[in-house]
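A, B, ... follow the sequence lines: proteins, then strands. Residue 1 opens every chain.
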Amino acid sequence: MLALVDCNNFYASCERVFDPKLKHRPVVVLSNNDGCIVARSQEAKALGLQMGEPYFKVKELLDRHKVAVFSSNYALYGDMSQRVMTVLQQFAPDVEIYSIDEAFLDLDGFRDLPELARTIRETVRQWTGLPVSVGIAPTKTLAKLANDTAKKNPGYNGVCVLDTPELWKPLLHEFEVGDVWGIGPQYKKLLNKHGINTALQFSQLPETWLRKHMSVVGARTAKELRGQPCLELELHADLKKGITVSRSFGKRITEFTELEQALASYVSRAGEKLRRENLLAKHMLVFMHTSPFAKDAAKDPYYAPSLSFAMPLHTNYTPELIHYALRALKEMYRPGYRYMKCGVMLTDLLPEGTETLDLFDRRDTVKQSKLMAAMDQVNQKMGTRTLFYAGAGIRQKWSMIAARKSPSYTTDWQGLIQVKAV
DNA sequence: TCTGGGGTCCTAGGACCC
DNA sequence: TCTGGGGTCCTAGGACCC
């Protein structure tokens, strides 16, 4: 048996932990650049606010209902996530951290699963302040479904155990096929067209049909709904395939030098990520684009070039990465466009020390990694951008908007919560 | 008029996830 | 004026090889 433990409205709940005044107030958290809504408290959902809804479109509604609005604070959410995972690891030896707010637990050999599920839920609540839901079933897909059921139906008190077909079959019959894990909007449309509306109907489709229309992935999902495990618990993350850093700008950019600064700082971030995981990259993709939402396409045309190339040698040395990225940028840049976003993707990754040595490699890689290590250390200790490349710009006029960010209560001394006796 | 077959590697695009 | 960011997996089709 597997458990899926999932934090309820994770980002919104994190904000609430440190500000009790928010307890019964609707809360929403915005994406980068305060662009759209990415998390909603229960009360905010009840107001009809949708996931992914652009902020500017619902601003008035938010004001009217006195909704508490936050820019996203990833330092806070990341730290709270770690706390939750640490608690979960006390309950089971094998835990797969699936995302920032959910984990699968291997419960083989455990007895009285409903009682265990309630204990997990209460302990996380008590030790971190965060509400979670627990779903238990023999496969990941069913555990997801159980979790979803526990979350959406108050009668379950946040816990749902589906350990026999007699328990899950009636639920499958009630469950919308589009809400099944692994079935997105496209497949939902296709399935509905063929008269498949419930998870139960889907789970009974013939293998050949599934393979033909939804590939092996769809066939696996159906099997999992029948209680046949196809997806293993992934206990050790395998080698990363790629690292991407991209951002929308706080305002449109037209100048080459500003693009250069933005790209250089994203590439620096990508370099940090590589080094943190002791990886080297060989391949680079640089991309940029103007707004796809432009009202007047004649005045504000869409332009979205990208350049993908192999670097001569594997590297994680930021100046080298910046060099190739800026060269690509220069090649793609056309004046007269209003750029909205750019980014870099590094692929062909290899753990440090496993790359083949090149006879003609003239780089002093020892010196380079010492320099990078020193820089990373300073930035980790003193805050990001304590040390940075001048090419990334000293005054970043294009940087992101985060007008409503809460303090980083748990990771920054300045953000430490203050309690006053009166 | 008929125009092989099978393998591998790469890329682009489409689907999904949080 | 204002629409996020970072991933994974699968398949089809083209290039190339023998």
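The local environment of CD1 in A/Ile394 is sparse, with at most 12 non-hydrogen atoms from other residues, nucleotides or ligands closer than 6.0 Å.
At the phosphate of B/dC16, neither OP1 nor OP2 sits under 4.0 Å from any side-chain N or O atom of A/Lys144. At the phosphate of C/dC9, OP1 or OP2 sits under 4.0 Å from a side-chain N or O atom of A/Lys241. Between A/Ser248 and the phosphate of C/dG5, there is a side-chain N or O to OP1/OP2 separation shorter than 4.0 Å. In this model, the phosphate group of C/dG6 is approached by a side-chain N or O of A/Arg247 to a distance below 4.0 Å at OP1 or OP2. Taking side-chain N and O atoms only, A/Ser246 has a distance below 4.0 Å to OP1 or OP2 of C/dG6.
None of A/Thr411, A/Asn73, A/Thr410 except one satisfies the side chain to side chain donor-acceptor pair (under 3.5 Å) rule with A/Asp79; the exception is A/Thr410.
You'll find that the side chain of A/Asn32 is closest to C/dG5, out of C/dG7, C/dC10, C/dG5. Nearest to the side chain of A/Arg252, among C/dG7, B/dA15, C/dT3, sits C/dT3.
Nearest-nucleotide positions on DNA chain C for A/Ser291 and A/Gly242 put A/Ser291 closer to the 5' end.
Nucleotides B/dT3 and C/dC18, compared at atom P, are 25 Å apart to the nearest Å.
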Passes salt bridge (Lys or Arg N to Asp or Glu O under 4.0 Å), A/Arg275 versus A/Glu352? Steps please. CA-CA 9 Å; A/Arg275 295 190 294 273; A/Glu352 260 171 320; over 6 Å; no
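Within 4.0 Å (heavy atoms only), A/Glu102 reaches sugar-phosphate atoms of the nucleic acid but no base atom.
Aromatic pair A/Trp181/A/Tyr98: centroids less than 6.0 angstrom apart.
Aromatic stacking of A/Tyr55 on C/dC2: not satisfied for centres closer than 5.5 Å together with planes under 30 degrees.
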